[in-house]
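Only one structure is covered here, and it is reproduced in the block below.
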Amino acid sequence: MTSTPKIAVVYYSATGTVHELAEHIARGASEAGAEVRVLRVPELAPAEAIAGNPAWGAHVESTQHIPVASPEDIVWADAVVFGSPTRFGNIASQLKQFIDTLGGLWGEGKLADKVYSGFTSSATAHAGQETTLMALYTSVHHFGGIIVSPGFTDPLKFNDGNPYGTSHVDGQGAYPVDEITRAAARYQVERVVKIAGRLKGAA
């Protein structure tokens with residue numbers, strides 16, 4: 001038995017690659033029959049740092065219309081798909097700060113028994129994509145959440161090669177998101193929607 005799941009795609013993106021991945025994730029979830037919210041976390045970097053990088057400033061300006069994530073969005077969701085660029089092999093401080101605001105919900109048990117998954121991007125290959133996702137999933141273990149990773153459960157996963165979640169090497173903007181990454185994103189979120197729907201239907 002399955003039921004229509006509610007999916008929150010919660011992400012941080014500086015120059016736009018993770019934002020683009022979030023859009024592909026959200027589109028795939030909607031096409032799979034889910035109710036979807038796309039949400040960005042607040043920017044914490046100082047204005048002078050953002051102004052010093054034209055791509056960063058342009059992205060901040062162009063995404064002001066996207067709602068900012070709140071703890072209530074996590075309560076609403078049956079599944080949460082987090083997205084973050086790699087920062088020294090870990091998630092960005094902006095996403096970590098949002099996760100740290102969820103302590104009250106954690107204490108009430110409201111983060112448990114939901115489905116969680118993740119996606120990431122880095123400038124270069126072998127730059128911490130897998131450790132970023134594993135670090136994210138460490139928090140999910142503390143939530144009592146259910147991690148749904150893509151694994152190597154479909155042949156297409158041997159093309160992108162990351163069983164922990166969708167990831168992309170952007171080369172500081174030189175390598176646009178390609179069909180391999182888009183296919184990985186679609187497959188990952190279809191799996192999230194399927195399993196979250198089964199769990200919701202069985203509740």
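By convention here, the first residue in the shown sequence is residue 1. Computed over heavy atoms, backbone and side chain alike; hydrogens, waters and symmetry mates excluded.
- Nearest heavy atoms, A92 versus S84: N-OG, 2.9 Å.
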With side-chain contact (heavy atoms from CB on, under 4.5 Å) as the test, would you mind laying out the steps for D154 and R191 before giving the verdict? CA-CA 10 Å; D154 187 278; R191 185 167 159 82; over 6 Å; no

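- Under the rule for a ring-ring contact (aromatic ring centres under 6.0 Å, His included), the partners of F152 that lie at least two apart in sequence or sit in another chain are F158.
- When each of T181, D170, T120 is tested with T17 by the rule side-chain contact (heavy atoms from CB on, under 4.5 Å), just one qualifies, namely D170.
- Crowding of Q172 atom CD: a count of heavy atoms from other residues, nucleotides or ligands under 6.0 Å not exceeding 12.
- Open room surrounds CH2 on W106; 12 or fewer heavy atoms of other groups in view lie less than 6.0 Å from it.
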Verdict with reasoning, V177 to H24, per side-chain contact (heavy atoms from CB on, under 4.5 Å): CA-CA 10 Å; V177 175; H24 286 300; 4.3 Å; yes

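- Note on L111: it does not cluster hydrophobically with I146, by side-chain heavy-atom contacts below 4.5 Å among ILVMFWY residues.
- Using modelled atom types, no side-chain atom of K200 and backbone atom of S3 make a donor-acceptor pair closer than 3.5 Å.
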Verify side-chain hydrogen bond (donor to acceptor under 3.5 Å, both in side chains) between T153 and Y187, making sure each step is shown before the conclusion. CA-CA 10 Å; T153 56; Y187 177 71; 2.4 Å; yes

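- Counting side-chain heavy-atom gaps under 4.5 Å among Ile, Leu, Val, Met, Phe, Trp and Tyr, the cluster of Y175 also holds V169.
- No side-chain donor from either of S93 and Y12 sits under 3.5 Å from a side-chain acceptor of the other.
- Between D178 and H168 the shortest heavy-atom distance is N-CE1, 4.0 Å.
- I147 and F119 fall into different hydrophobic clusters, defined by Ile, Leu, Val, Met, Phe, Trp and Tyr side-chain heavy atoms under 4.5 Å apart, directly or through other members.
- Between D73 and R37, at least one side-chain nitrogen of the basic residue sits less than 4.0 Å from a carboxylate oxygen of the acidic one, meeting the salt-bridge criterion.
- For S117 and Q188, the side-chain atoms include at least one donor-acceptor pair closer than 3.5 Å.
- Qualifying ring-ring contact (aromatic ring centres under 6.0 Å, His included) partners for F143, counting only residues two or more places apart in sequence or in other chains: Y116.
- Across all non-hydrogen atoms, the minimal contact from S122 to T124 is OG-O, 2.8 Å.
- Nearest heavy atoms, G83 versus L95: O-CD2, 3.8 Å.
- Side-chain contact between D78 and I7 is absent, with no heavy atoms from C-beta onward closer than 4.5 Å.
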Audit row: R186, E179, salt bridge (charged side-chain N to carboxylate O under 4.0 Å, His left out) steps and yes/no: CA-CA 10 Å; R186 285 193 301 271; E179 181 52 36; 2.6 Å; yes

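- Checking side-chain atoms of E108 against main-chain N and O of K110 turns up no donor-acceptor pair under 3.5 Å.
- Shortest non-hydrogen contact noted between A8 and L39 is CB-CD1, 4.3 Å.
- K157 places no side-chain N or O within 3.5 Å of a backbone atom of P163 that could act as its donor or acceptor partner.
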I'd like to know whether T132 forms a side-chain hydrogen bond (donor to acceptor under 3.5 Å, both in side chains) with N90, so could you lay out the CA-CA distance, the side-chain angles of the two residues, the decisive distance to 0.1 Å, and finally the verdict. CA-CA 4 Å; T132 295; N90 211 319; over 6 Å; no

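- A donor-acceptor contact under 3.5 angstrom links the side chains of E43 and W56, judged on distance only.
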